[in-house]
Amino acid sequence: MTTEAGLLLVDKPAGATSHDIVLRIRRKLGVRRIGHTGTLDPFATGLLLSLVGSFTRLADLYHGLPKSYDATLALGRETDTDDLTGKTVSEDAGWRELDGEAIRASFAAREGVGRQVPSSYSARRTGGERAYALARRGERPELRAREVTIHEIAVTDIDLPRVRFRASVSTGTYVRALARDIGRDLGPGAHLTALRRSAIGPFGVDEATAPDAVAEAVAEASTAWRPGMAALPWVWRRELNDGERDEIRYGRPVERGDVLPPSGSAPDSRGGSTNPVALYAADDLFAIAEERDGRLYPKKVFAA
């Protein structure tokens with residue numbers, strides 16, 4: 001692969017949409033094909049994974065990775081967006097009567113598998129439209145509760161009415177909806193006032209670069225730039241020999257051979273299955289394959 005294909009770890013600033021960041025990266029790198037693997041709201045900051053060039057075809061592999069956040073909620077007020085950008089829909093001074101023990105217990109009770117109704121201003125589709133489009137027209141979108149997993153959640157500071165916390169959650173979990181629900185559990189309601197994404201799977205924001213510095217990150221091969229196999233540390237892998245590379249180029253399967261477990265720290269979400277498998281040579285990604293009947297069938301071929 002060339003330096004025009006890979007993964008960029010970007011630290012998104014507040015005020016910009018995720019789409020704004022993609023456009024900025026496109027201008028800085030002069031590469032047309034740029035995408036990202038998970039939207040952050042404009043007021044939010046933190047890690048945005050941006051796929052460059054042909055690596056945009058890998059987006060589906062990133063969607064299941066858990067995400068970690070540092071966040072702050074304010075008790076006593078609910079908004080129509082569940083965050084600080086929305087209009088007030090209710091207020092309750094009952095937060096003054098809450099103590100730290102009750103607050104921490106409410107957070108702890110949310111840990112594990114549960115169901116969550118997405119925020120009305122989310123990107124979820126209902127009736128063929130995005131929920132936020134309906135909400136902006138003054139309609140009330142009907143959104144079904146979905147199963148989510150809160151892997152870890154912990155209060156880090158209490159300065160009422162604000163509560164700071166950290167959470168690691170499954171894909172599809174809305175942290176602002178989590179703040180809303182905790183506020184309702186406690187009684188006075190709540191809304192999210194700050195959100196920073198600290199990690200996605202094995203990637204941390206401490207290794208990311210500012211959007212305006214992406215060209216330098218690529219040129220200097222910094223930790224923010226992950227070409228080839230460095231972009232897929234949690235995926236099972238198999239090195240190819242010369243003959244096998246020729247087979248893969250033409251879309252033909254190869255024997256399963258010695259498939260190696262992930263080199264990164266993200267857990268395999270398929271309970272031990274080796275699908276998908278990244279096929280490579282000299283850290284150059286050749287294909288993403290699927291294992292069937294002891295053979296590896298290329299599904300996405302990157303080799304010329």
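All values below were derived from every heavy atom in this structure, side-chain atoms included, with hydrogens, water molecules and symmetry-related copies excluded.
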Just so I know, are the side chains of Val205 and Leu9 near enough to count as touching, which here means a heavy-atom distance under 4.5 Å? no
Would you say the side-chain atoms of Arg33 and Thr56 include a donor-acceptor pair closer than 3.5 Å? yes
Identify whether Met229 and Ile200 are in the same connected component of the hydrophobic contact network (ILVMFWY, side-chain heavy atoms under 4.5 Å). yes
So if I apply the side chain to side chain donor-acceptor pair (under 3.5 Å) rule between Arg196 and each of Thr72, Thr45, Asp70, which one comes out positive? Thr45
For the pair Thr171 (side chain) and His63 (backbone), establish whether a donor and an acceptor sit closer than 3.5 Å, ignoring hydrogens and angles. yes
Given the rule that I, L, V, M, F, W and Y join up when any side-chain heavy atoms are under 4.5 Å apart, are Leu65 and Val169 in one cluster? no
Keeping the roles fixed (side chain from Ser170, backbone from Thr149), state whether a donor-acceptor pair exists under 3.5 Å. yes
Heavy-atom side-chain contact between Leu98 and Pro188 under 4.5 Å: yes
Please find the pair of heavy atoms, one from Ala190 and one from Ala179, that lie closest to each other, and give the distance. CB-O, 3.6 Å
Treating Ile, Leu, Val, Met, Phe, Trp and Tyr as nodes and any side-chain heavy-atom pair under 4.5 angstrom as an edge, say whether Leu192 and Val117 lie in one connected cluster. no
Give me the atom names and distance for the closest heavy-atom approach of Pro276 to Ile288. CB-CG2, 3.8 Å
Let me confirm one number: the CD-OG1 distance from Glu147 to Thr173, rounded to the nearest 0.5 Å. 10.0 Å
Any chance you could lay out the salt bridge (Lys or Arg N to Asp or Glu O under 4.0 Å) test for Asp41 and Arg176, step after step, and finish with the verdict? CA-CA 10 Å; Asp41 291 326; Arg176 50 197 162 111; 3.1 Å; yes
For Arg77 and Ala74, indicate whether the former's side chain and the latter's backbone hold a donor-acceptor pair under 3.5 Å. no
Is any side-chain heavy atom of Leu84 closer than 4.5 Å to a side-chain heavy atom of His191? yes
Count I, L, V, M, F, W, Y as connected when their side-chain heavy atoms are under 4.5 Å apart, and connections chain through other members. Are Val254 and Tyr297 then in the same cluster? no
Test Asp157 against Arg164 for salt bridge (Lys or Arg N to Asp or Glu O under 4.0 Å), laying out the working first. CA-CA 5 Å; Asp157 184 65; Arg164 296 180 180 85; 2.7 Å; yes
Are Thr79 and Val89 close enough that some pair of their side-chain heavy atoms sits under 4.5 Å apart? no
Quick one: CG on Asp185 to CZ on Arg180, what's the gap to the nearest 0.5 Å? 10.5 Å
Between OH on residue Tyr280 and CD on residue Glu239, distance to nearest 0.5 Å: 4.5 Å
Could you pull out the closest heavy-atom pair between Glu255 and Arg238, with the gap in Å? O-NH2, 2.9 Å
Has Glu111 got a side-chain atom pairing as donor or acceptor with Ala108's backbone, closer than 3.5 angstrom? no
Would you sort out whether His19 and His36 count as a side chain to side chain contact (heavy atoms under 4.5 Å, CB included), showing the intermediate values? CA-CA 8 Å; His19 183 63; His36 66 78; 5.8 Å; no
Please report the interatomic distance CZ(Arg27) to CG(Asp212), rounded to the nearest 0.5 Å. 9.0 Å
If only atom types and distance count, is the side chain of Ser222 paired as donor or acceptor with the main-chain N or O of Ala224 below 3.5 Å? yes
Looking only at heavy atoms, which two atoms of Leu240 and Leu279 are closest? And how far apart? CD1-CB, 3.8 Å
Determine, for Glu290 against Arg292, whether the closest basic-nitrogen to carboxylate-oxygen distance falls under 4.0 angstrom. yes
Phe55 vs Leu61, test: side chain to side chain contact (heavy atoms under 4.5 Å, CB included). Steps then yes/no. CA-CA 11 Å; Phe55 270 39; Leu61 298 184; over 6 Å; no
Distance-minimising heavy-atom pair for Lys12 and Ser18: CD-OG, 4.4 Å
Using a strict threshold of under 4.0 Å (side-chain N to carboxylate O), is an ion pair present between Arg166 and Glu152? no
State the CZ-CH2 distance between Phe203 and Trp234, to the nearest 0.5 angstrom. 5.0 Å
Could you check if a side-chain atom of Arg110 sits within less than 4.5 angstrom of a side-chain atom of Ile182, using non-hydrogen atoms only? yes
Pair Leu51, Ile34 - check side chain to side chain contact (heavy atoms under 4.5 Å, CB included), show working. CA-CA 6 Å; Leu51 295 166; Ile34 304 284; over 6 Å; no
salt_bridge(Asp159, Arg162) N-O dist < 4.0 Å: no
Any donor-acceptor pair under 3.5 Å from Ser50 side chain to Gly35 backbone: yes
Within-4.5 Å side-chain heavy-atom neighbours: Thr209 and Trp225: no
Hphob cluster co-occupancy, Phe43 + Leu73, side-chain heavy atoms under 4.5 angstrom: yes
When you compare the side chain of Leu75 with that of Leu186, does any pair of heavy atoms fall below 4.5 Å? yes
What verdict does the side chain to side chain contact (heavy atoms under 4.5 Å, CB included) test give for Phe107 and Val163, after you've listed the backbone C-alpha separation in whole Å, the side-chain angles of each residue and the deciding distance to 0.1 Å? CA-CA 10 Å; Phe107 276 82; Val163 181; 3.8 Å; yes
Tell me, please, whether Tyr69 has Arg197 positioned over its six-membered ring: NZ or CZ under 6.0 Å from the ring centre and within 45 degrees of its axis? no
Within the distance-only criterion (no hydrogens, no angle test), does the side chain of Gln116 pair as donor or acceptor with the backbone N or O of Tyr174 below 3.5 angstrom? yes
With a 3.5 Å distance limit and no angle check, can you tell me whether Arg57 reaches the backbone of Val301 through a side-chain donor-acceptor pair? yes
Between Phe302 and Phe286, does the ring centre distance come in under 6.0 Å? no
At their closest point, which heavy atom of Thr17 faces which heavy atom of Pro42, and how far apart are they? CG2-CG, 3.8 Å
For the CG atom of Leu58 and the NZ atom of Lys300, what is their distance to the nearest 0.5 Å? 6.0 Å
Side chain proximity check, Ile21 to Leu23, heavy atoms < 4.5 angstrom: no
Would you confirm whether Arg26, through its side chain, and Arg32, through its main-chain N or O, come within 3.5 Å as a donor-acceptor pair? yes
Determine yes or no for a side-chain-to-main-chain donor-acceptor pair under 3.5 angstrom, with Ser68 supplying the side chain and Ser168 the backbone. no
